[in-house]
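Lettering of chains follows the sequences in order, A, B, ..., and the numbering in each one begins at 1. As the structure is a computational prediction, the values presented were derived from the model and not from experiment.
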Amino acid sequence: MNYFVATSIPYVNGEPHIGFGMEILYGDVLARAARKQGKPTIFSTGADEHGTKIAEKAESLGLKPQEFVDKISQEFRNLGTLLNISNDRFIRTTDKAHEQRAQLIWKALEKDIYKDKYTGWYDVRQEEFVPEAQADPARMKPDHPQAYQRLEEENYFFRLSKYTDQIREAIEKEQLKIVPATRRNEILSLLKEGLDDISISRPADKLAWGIPVPGDPKQVMYVWFEALMNYITVLGYPEHQDFRDYWPANVQIIGKDILRFHAAIWPAMLFSLQIPLPELLFVHGFINVDGQKMSKSLGNVISPKEIVEVYGVDAFRYFFLRHVPSYEDGDFTWKNFEAAYNNELANELGNAVQRTTAMIEKYQGGIVGEIPDAEHDTRQIQENIEICRFDRALDQIWGQVRGLNQYIDEEKPWEIAKANDMEHLREVLAYQVSCLLEIADLLEPFLPDAAAKIKGIFKEGLVTPLEGTLFPKKDVTAAPSA
RNA sequence: CGCGGGGUGGAGCAGCGGCAGCUCGCGUGGCUCAUAACCACGAGGUCGCAGGUUCGAGUCCUGCCCCCGCAACCA
């Protein structure tokens, strides 16, 4: 009955951008949909704040690590506000509670932790040890800009290898469901090759910015290992009631680049802790701009803010939820964004609201009368939300919008009005309102503001027109050109 | 044989064994309640190529060709 959805926590060594905006948007839709069904819901997101890269970045800016992450974390929170995200929690891995609980978790995992000497390449940027076989020879040379570090150190290791079969079985039997299927296949083929034990700590003298290993102050936890724990520390693992009430997560949302951590390492940790796996792992893709990867050097980085300022938050939500394929990479172009806004939001939905309210005001003095119950079958839409196919769910909702416009053209209420058949007219217009209210209801998780506005217009059987229009049509030149 | 994603009307995509479909764009017509919005109809595809399986293949199998990621910020 209870519902828990968590996004990954982004590494806050730089400004938030559109990709993470999309991820919290996905979480928001799921959380709003669950709450709407009356489920007690916790929706968490947060920030991953430890590690070498952050320490280095902070230093380069002349800041203490904590000052730096305080600043950047706030920007991630602001993004949530900008996008009307309804998260209940925002966990930071520098929160005292997380740090303490992470140490408890470490202790609980100790039967699968051992100390060993590690010699090999370390990728500072990825915070990752690089197996000899996968290492790029060019980066082994010290003068390479992203040169690996040659490390010989004593580290703690986690017996990931021990859990390979258990994880594979859990995924095959769908105790842990992974969507889309391509990502599931990807991880299964990786598991077939077997997993190696992983290093989960670093010497504190090399890296002070992390959570100390309990009982060994000379070591701090490897940032990834500790960050994964946020999904349960946020619920107060081990002792808090929320943990008992809300774990396992119904959905965890991640980007395709961190699949291995969430579909292999994280399940192994949970097995070791003897607590259940999340039910569904939703793996989304990336957003390109004009068909190219977003990058500062190409100068094509789009900031969520500039979109929201011109078109409004619901337009942002709409585009990224419907026109970025939920199971694949997507493409943002101003041209497509404008087309979606004008054709779909302004012309189809906005105008359907407009023509309905105008006729009720003109012919019936703004009185709707009795509104019939909605009658469409919305099961498919609900099912698509459950499996995170938000793009399809919106396609289906738009099928209803289109259907309403067709209905209006078939019934021709303006002719009924001329014929003075007021009873029939009232029925037709009330039906239109019924359709719009149903659409608004379906849209609530996706476009909360627009849904509330539509509901507000027809409240109590009277038309209360909006100031202005729902989605004012934009001149194409209004937007920054790409 | 590095890994992964993809090639379907002008653009973007769906379909994954049974008469090629959707949205946009384009053309024509209708309508006038509406944000010059809405509705209908139409043009436009030998579904990357070549074999194979099948009564029947975008859809399954085999081989090949082409495109995009796998460097950085970063999901």
Side-chain angles (χ1 to χ4, degrees), chain A residues 7-26 48 53 57 76 125-126 133-134 136 138-139 144-146 180 182-183 185-186 189-190 253-259 283-288 291-298 300-301 322-325 327-331 333 335-336 338-363 389 391-392 395-396 398-399 401-418 425 428-429 432 466 468-475:
Chain A
T7 69
S8 65
I9 53 173
Y11 198 61
V12 293
N13 63 343
E15 314 254 308
H17 68 17
I18 241 167
F20 184 65
M22 193 174 69
E23 182 166 317
I24 50 179
L25 206 44
Y26 288 146
D48 178 9
K53 262 193 293 181
K57 186 78 182 272
F76 278 80
R125 189 176 51 77
Q126 297 291 346
Q134 284 170 31
D136 174 1
R139 292 174 64 186
H144 188 279
Q146 283 91 40
T182 51
R183 305 264 93 98
N185 297 341
E186 201 176 315
S189 81
L190 200 142
I253 305 169
I254 61 167
K256 64 181 185 181
D257 55 332
I258 52 178
L259 176 65
V283 188
H284 67 253
F286 292 169
I287 298 167
N288 293 317
Q292 286 181 303
K293 226 178 153 177
M294 231 187 298
S295 84
K296 282 176 187 165
S297 47
L298 283 171
N300 65 351
V301 174
R322 184 171 186 197
H323 292 290
V324 172
Y327 281 8
E328 285 163 55
D329 286 359
D331 196 33
T333 66
K335 186 169 164 279
N336 290 346
E338 284 153 5
Y341 181 88
N342 281 330
N343 295 330
E344 294 159 18
L345 289 176
N347 292 348
E348 292 184 327
L349 176 60
N351 187 47
V353 171
Q354 189 70 17
R355 61 200 302 213
T356 299
T357 58
M359 284 191 276
I360 293 170
E361 290 190 292
K362 183 168 176 179
Y363 300 137
R389 296 224 61 159
D391 52 346
R392 295 213 172 158
D395 276 346
Q396 285 158 350
W398 246 257
V401 175
R402 194 166 291 124
L404 172 58
N405 278 321
Q406 286 166 350
Y407 173 82
I408 297 173
D409 274 67
E410 278 162 22
E411 291 292 335
K412 302 180 176 57
W414 51 92
E415 284 186 6
I416 304 174
K418 275 181 205 152
L425 179 64
V428 169
L429 294 178
Q432 290 178 216
L466 290 174
T469 47
L470 191 57
F471 290 103
K473 211 160 169 181
K474 299 281 180 187
D475 194 322

Give me the distances for all protein-to-nucleotides 10-16 of chain B N/O pairs that come in under 3.5 Å?
| residue | atom | partner | partner atom | Å |
| --- | --- | --- | --- | --- |
| A14(B) | OP1 | Glu328(A) | OE2 | 3.2 |
| A14(B) | O3' | Arg392(A) | NH2 | 3.1 |
| G15(B) | OP1 | Arg392(A) | NH2 | 3.0 |

Residue Arg402(A), side-chain atoms from C-beta onward, closest of U23(B), G4(B), C38(B): U23(B)
Gap between atom CZ of Arg389(A) and atom CD of Gln396(A) - 0.5 Å precision: 10.0 Å
G58(B): syn or anti, per glycosidic angle within 90° of 0: syn
Sugar-phosphate, base or nothing in reach of Arg322(A), heavy atoms under 4.0 Å: nothing
Touch class at under 4.0 angstrom, heavy-atom based, for Ile258(A) against every strand present: sugar-phosphate
Atom pair distance, as rounded to whole Å: CD in Glu361(A) and C1' in A34(B): 12 Å
Distance below 4.0 Å between Gln406(A) side-chain N/O and A40(B) OP1 or OP2: yes
Interatomic distance where NZ belongs to Lys256(A) and P belongs to C70(B) [whole Å]: 10 Å
C1' spacing across the pair G45(B) / C3(B), given as an integer number of angstrom: 33 Å
Aromatic ring pairing Tyr341(A)/Phe471(A), orientation class (parallel under 30°, perpendicular over 60°, tilted between): perpendicular
Protein-nucleotide distance (Phe286(A), atom CZ; G6(B), atom C1'), rounded to Å: 17 Å
Touch class at under 4.0 angstrom, heavy-atom based, for Ala358(A) against every strand present: sugar-phosphate
Nearest-Å distance once atom P is located in both G58(B) and U8(B): 15 Å
Sugar-phosphate, base or nothing in reach of Pro413(A), heavy atoms under 4.0 Å: nothing
Side-chain ion pair, Glu338(A) and Lys474(A), N-O less than 4.0 Å: no
Side-chain donor/acceptor contact of Asn351(A) with base of A34(B) under 3.5 Å: yes
Reported CG-to-CD distance for the pair Asn342(A) and Glu348(A), which is rounded to 0.5 angstrom: 11.5 Å
Sugar-phosphate, base or nothing in reach of Ser8(A), heavy atoms under 4.0 Å: sugar-phosphate
Sugar-phosphate, base or nothing in reach of Gly255(A), heavy atoms under 4.0 Å: sugar-phosphate
Side chain of Glu348(A) - closest among A75(B), G4(B), C38(B): C38(B)
Thr356(A) vs Asn343(A), nearer the 5' end of RNA chain B by closest nucleotide: Asn343(A)
Beyond-backbone contact of Trp414(A) with Ile408(A), side-chain heavy atoms, under 4.5 angstrom: yes
5'-most by nearest nucleotide on RNA chain B - Ile408(A) or Ile254(A): Ile408(A)
Atom P, compared across C39(B) and G15(B): separation rounded to whole Å: 25 Å
Whether Asp329(A) side chain and Phe286(A) backbone form a donor-acceptor pair below 3.5 Å: yes
Whole-angstrom distance between A71(B) and C65(B), as gauged at atom C1': 27 Å
Euclidean distance, atom CD of residue Gln432(A) to atom P of C38(B) [Å, nearest integer]: 15 Å
Main-chain N/O of Ile287(A) paired to Asp331(A) side chain as donor or acceptor, under 3.5 Å: no
Nearest-Å distance once atom P is located in both G17(B) and U59(B): 11 Å
Under-4.0 Å salt bridge between Asp409(A) and Arg355(A): yes
d(CG, Asp331(A); P, G69(B)) in whole Å: 12 Å
Between Lys473(A) and Asn347(A): side-chain donor-acceptor atoms closer than 3.5 Å: yes
Between Glu23(A) and Ser8(A): side-chain donor-acceptor atoms closer than 3.5 Å: yes
G2(B) versus C73(B) - spacing of their C1' atoms, nearest Å: 26 Å
Per Glu415(A) side chain, nearest of listed nucleotides C38(B), A75(B), U32(B): U32(B)
Selected nucleotide, minimal atom distance to Lys362(A) side chain, candidates U35(B), A75(B), C33(B): C33(B)
Spacing between Asp409(A) atom CG and C31(B) atom P, to the nearest angstrom: 11 Å
For RNA chain B, the dot-bracket pattern of Watson-Crick and G-U pairs whose distances stay under 3.5 Å, | for other-strand partners: .(((((((.[[[[.)..(..]]]].(((((.......))))).....[[[[[..)....]]]]])))))).....
Spacing of CG belonging to Asn351(A) relative to CG belonging to Asn343(A), to within rounding of 0.5 Å: 12.0 Å
Side-chain N,O (Lys473(A)) to OP1/OP2 (A37(B)) below 4.0 Å: yes
Spacing of the P atoms in G52(B) and G29(B) (rounded, Å): 50 Å
Euclidean distance, Arg183(A) CZ relative to Glu186(A) CD, rounded to 0.5 Å: 4.5 Å
Interatomic distance, Arg183(A) CZ vs C3(B) C1' [rounded to whole Å]: 12 Å
Sugar-phosphate only, base, or nothing, as touched by Tyr363(A) at under 4.0 Å among non-hydrogen atoms: sugar-phosphate
Gap in Å between the two C1' atoms, one belonging to G30(B) and one to C68(B), rounded: 45 Å
Atom pair distance, as rounded to whole Å: CG in Asn347(A) and P in U32(B): 20 Å
Closest nucleotide among A75(B), C33(B), C39(B) to the Tyr11(A) side chain: A75(B)
